[in-house]
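The figures here come from the full heavy-atom set of this structure, side chains too, leaving out hydrogens, waters and symmetry mates. Quick note: residue numbers are just sequence positions, from 1.
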Amino acid sequence: MAEKDTIIKEKFKYAGYGDFKNIYSYAHDWLKGEHYSVTEEQYIEKVKGSTKDIEILWTASKKITDYFKIDLNLKWRILGMEDVEVEVDGKKKKMNKFAELGIEIKGVLVKDYANNWNKSATTRFFKELYNKYIIPDRTNEMKIKTEEDVKNFKEEMKALLELTGKTNR
């Protein structure tokens, strides 16, 4: 069985204005640009009068080597989103107002994701030797890469939201 180590958990919250479709597309495109395959596990939308609450779960995966893979689990939580019209440079523009937009990002390093080293007691023994004595430096490099990807995604999303809105937390 593949070994999964949670390396980092990050989250941020935002309240203000933005274009939800643009934010959603930007996040998806950023992950694709970093060579992640993205799967939307869940999309729940609840309408309450003129506002919406949305929950989205994404799993993004990227194979680094034949042995290492990075999984990012993203949980979106949008509360009180409503369609509004704002004036930008003297022109009216349709946007969304968010009471709260939050994204939790969990970075997981997966070792032996293809399960090649668990076929017998002998291969499991060699896997332990491999992990303990041969690749500890490489494992640390992969942990750093996982952390960097999570932090870079978070910073990119925060920067995008700061361009169009207010009150970042």
Side-chain angles (χ1 to χ4, degrees), residues 1-16 18-44 54-79 98 100-169:
M1 190 170 190
E3 290 180 44
K4 296 182 179 186
D5 295 327
T6 299
I7 305 301
I8 184 172
K9 290 182 183 179
E10 289 279 329
K11 63 182 173 180
F12 69 93
K13 291 182 181 177
Y14 169 83
D19 181 347
F20 176 67
K21 288 180 184 175
N22 185 41
I23 295 164
Y24 182 95
S25 294
Y26 185 85
H28 190 271
D29 291 346
W30 188 90
L31 290 166
K32 285 287 193 186
E34 294 294 315
H35 309 291
Y36 281 93
S37 62
V38 182
T39 305
E40 187 168 275
E41 306 288 338
Q42 175 180 306
Y43 184 100
I44 299 173
I54 301 172
E55 270 192 39
I56 305 168
L57 296 178
W58 281 358
T59 302
S61 295
K62 174 168 65 170
K63 294 176 184 174
I64 306 296
T65 66
D66 289 344
Y67 191 71
F68 290 105
K69 176 175 90 162
I70 297 174
D71 284 344
L72 302 182
N73 300 309
L74 295 96
K75 182 178 181 180
W76 297 60
R77 188 166 169 242
I78 297 129
L79 301 175
F98 304 102
E100 180 181 297
L101 183 153
I103 302 177
E104 278 183 36
I105 313 127
K106 182 168 80 168
V108 178
L109 181 62
V110 183
K111 295 184 221 167
D112 189 25
Y113 61 86
N115 217 17
N116 292 327
W117 292 69
N118 286 323
K119 296 186 170 138
S120 70
T122 305
T123 57
R124 283 192 295 276
F125 172 74
F126 284 119
K127 177 182 174 180
E128 288 300 315
L129 290 176
Y130 184 67
N131 284 333
K132 196 169 186 177
Y133 298 109
I134 298 172
I135 63 161
D137 289 341
R138 188 174 193 116
T139 301
N140 285 333
E141 287 174 23
M142 296 301 143
K143 287 178 180 179
I144 291 167
K145 174 73 175 132
T146 304
E147 281 184 26
E148 287 173 350
D149 282 3
V150 169
K151 288 178 180 177
N152 289 341
F153 176 81
K154 177 184 172 183
E155 292 306 314
E156 285 287 327
M157 293 305 296
K158 284 173 60 176
L160 173 69
L161 292 166
E162 286 174 9
L163 286 175
T164 57
K166 305 174 192 311
T167 63
N168 210 1
R169 290 183 262 153

Student check: side-chain heavy atoms of Lys151 and Ile8 closer than 4.5 Å: yes
Which atom of Asp71 lies closest to which atom of Ser61, heavy atoms considered: OD1-OG, 2.7 Å
Aromatic plane relationship, Tyr130 with Trp117 - under 30° parallel, 30 to 60° tilted, over 60° perpendicular: parallel
Interatomic distance, Leu109 atom CG to Ile64 atom CD1 [nearest 0.5 angstrom]: 8.5 Å
pair Trp30-Leu160: side-chain heavy atoms closer than 4.5 Å: no
Separation between CZ of Phe153 and CD of Glu10, rounded to the nearest 0.5 Å: 12.0 Å
Pairwise salt bridge (charged side-chain N to carboxylate O under 4.0 Å, His left out) hits with a residue in residues 25-39, at least two apart: none
Side-chain heavy-atom pair Asp149, Lys145 within 4.5 angstrom cut-off: yes
Atom pair NZ/CD1 of Lys127 and Ile135 - distance to nearest 0.5 Å: 9.5 Å
Side chain Asn140, main chain Ile144, donor-acceptor under 3.5 Å: no
Ile54 and Trp76, any side-chain heavy atoms less than 4.5 Å apart: no
Least distance between heavy atoms, Met1 atom then Asn115 atom: N-OD1, 2.6 Å
Any side-chain heavy-atom pair of Tyr14 and Ile23 under 4.5 Å: no
Salt bridge (charged side-chain N to carboxylate O under 4.0 Å, His left out) contacts touching residues 102-111 (sequence neighbours left out): Glu3-Lys111, Asp5-Lys111
Heavy-atom side-chain contact between Met157 and Tyr26 under 4.5 Å: yes
Gap between atom CG of Leu72 and atom OG1 of Thr146 - 0.5 Å precision: 7.5 Å
Heavy-atom side-chain proximity of Ile56 to Glu40 below 4.5 angstrom: yes
Minimum heavy-atom distance Thr65-Phe68, with the two atoms named: OG1-N, 2.9 Å
Residues Asn131 and Tyr67: side-chain donor-acceptor under 3.5 angstrom: yes
Non-hydrogen atoms of Leu74 and Ala60 that approach each other most closely: CD1-CB, 4.5 Å
Point-to-point distance, once rounded to the nearest 0.5 Å, from CG of Leu161 to NZ of Lys13: 14.5 Å
Validation row: Ile103, Lys154 side chains within 4.5 angstrom (heavy atoms): no
